[in-house]
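Every value quoted in this text rests on a predicted model; they were computed, and no experiment measured them.
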Amino acid sequence: LLPALSCAADEGAARSAWEGTLGIGPFFVPDYVGGKGRRVVAAPLVDASYDDRFRMELFRGTAYLAASEDRKLGLGLAVEPRFYGFKPSDAARLGGMAARKDTAEGGLSLDWAAPWMDINVAWFGDLTHTARGTSLNATVEKALVEGARWSLSALAGVDRISSQTTNYYF
C-alpha cells in the first residue's frame with residue numbers, strides 16, 4: 001500500500017507538451033526481500049507525461065504505441081527496475097549466499113483510466129539477462145481525495161514472477 005500526497009504544477013497560459021505532478025510519499029518496504037523487518041522510506045513521487053506519448057512514473061517509463069481517442073486506454077512498451085538485489089552482509093540470514101544484482105525489466109503495459117479507479121496490467125521480461133525470468137503484474141490506484149492543487153491516493157498491486165526469477169533471487 002502506498003499512500004501518496006502530490007501537488008500539481010500551476011497551469012500557465014501557454015500549454016506545454018510536458019504535464020505532471022511531483023510529490024512525496026511513504027513506502028513501506030521490507031529490510032530485504034523475504035525479510036520480516038520493515039521500514040518506512042520517504043520517496044519522491046513523479047507522474048509526468050510528454051505529448052500523451054511518453055509517461056514517467058516513480059519506477060516506470062512507458063512509450064505508448066496505441067491509445068483510445070479519449071486517452072483513457074493505452075498500450076505501450078514499458079521499462080522498470082526490479083530492486084531485489086542483496087549482498088550477504090545485508091542480514092545475518094543471508095550469510096553464505098552469493099550476492100544478487102538488481103535488474104531492469106521491460107515489456108507490454110496496458111493502462112486503463114476506468115471511471116472508478118486506474119488499472120494497469122503488464123508483462124515484463126528481464127532486459128539485463130540477470131535473472132532471465134518474466135513477471136506479470138497488476139496494480140490499481142484509487143484517488144481518495146482530489147483538490148485543485150493536491151490529491152491523496154491509495155495504490156495496491158500484485159506481482160507474479162516466473163520460476164527463473166524466483167530461483168535467482170530466492
Side-chain angles (χ1 to χ4, degrees), residues 1-29 33 39-85 101-162 165:
L1 186 59
L2 171 67
L5 179 63
S6 61
C7 297
D10 194 16
E11 293 185 25
R15 172 142 164 81
S16 169
W18 283 101
E19 293 183 53
T21 59
L22 297 173
I24 190 163
F27 278 86
F28 302 91
V29 297
V33 173
R39 59 191 162 112
V40 178
V41 178
L45 303 176
V46 177
D47 188 354
S49 63
Y50 180 79
D51 198 30
D52 290 333
R53 286 285 174 210
F54 302 97
R55 183 171 182 189
M56 185 59 165
E57 298 171 282
L58 178 61
F59 293 122
R60 183 182 288 183
T62 306
Y64 287 98
L65 305 172
S68 63
E69 192 172 307
D70 63 1
R71 300 285 191 214
K72 293 193 180 284
L73 184 65
L75 178 67
L77 293 175
V79 176
E80 68 182 27
R82 180 170 293 279
F83 295 119
Y84 279 8
K101 297 178 183 176
D102 293 331
T103 63
E105 296 183 332
L108 292 175
S109 177
L110 178 69
D111 291 321
W112 180 29
W116 59 93
M117 69 178 58
D118 293 336
I119 300 168
N120 173 265
V121 177
W123 179 84
F124 289 142
D126 180 5
L127 299 176
T128 62
H129 299 291
T130 300
R132 301 181 190 276
T134 59
S135 67
L136 175 65
N137 60 58
T139 58
V140 293
E141 182 177 6
K142 173 72 174 163
L144 302 174
V145 179
E146 291 187 89
R149 297 188 47 90
W150 64 275
S151 65
L152 179 64
S153 301
L155 175 87
V158 295
D159 190 8
R160 170 70 169 103
I161 59 176
S162 68
T165 303

Partner set under ring-ring contact (aromatic ring centres under 6.0 Å, His included) for W123, not counting sequence neighbours: none
Could you state the interatomic distance from [atom1] ([X]) to [atom2] ([Y]), rounded to the nearest 0.5 Å?
X	Y	atom1	atom2	value
T103	H129	OG1	NE2	11.5 Å
E57	T139	CD	OG1	8.0 Å
S49	E19	OG	CD	5.0 Å
N120	W112	CG	CH2	13.0 Å
L45	F59	CG	CZ	9.0 Å

For [X], give me all partners under side chain to side chain contact (heavy atoms under 4.5 Å, CB included), at least two apart in sequence or on another chain.
X	answer
S135	R82, E105, F124, N137, D159, I161
A63	F54
V145	W150, L152
V79	L127

Quick check: do [X] and [Y] have side-chain heavy atoms less than 4.5 Å from each other?
X	Y	value
L58	F27	yes
I119	E141	no
T134	T165	no

Donor-acceptor pair, side chain of K101 and main chain of T130, under 3.5 angstrom: no
Shortest non-hydrogen contact between Y64 and D52, atoms and distance: CD1-O, 4.3 Å
Minimum heavy-atom distance S153-A143, with the two atoms named: OG-CA, 3.8 Å
Summary of salt bridge (charged side-chain N to carboxylate O under 4.0 Å, His left out) pairs that have at least one residue in residues 109-133, sequence neighbours excluded: none
With sequence neighbours excluded, residues passing salt bridge (charged side-chain N to carboxylate O under 4.0 Å, His left out) with R60: E80
Would you tabulate the side-chain donor-acceptor contacts of residues 68-78 under 3.5 Å, counting partners in other chains and residues two or more places apart, or write 'none'?
from, atom 1, to, atom 2, distance (Å)
S68, OG, D70, OD1, 2.6
S68, OG, R71, N, 3.4
S68, OG, K72, N, 3.2
S68, OG, L73, N, 3.2
D70, OD1, K72, N, 3.1

Chi angles and distances behind the side chain to side chain contact (heavy atoms under 4.5 Å, CB included) call for V158, L136: CA-CA 8 Å; V158 295; L136 175 65; over 6 Å; no
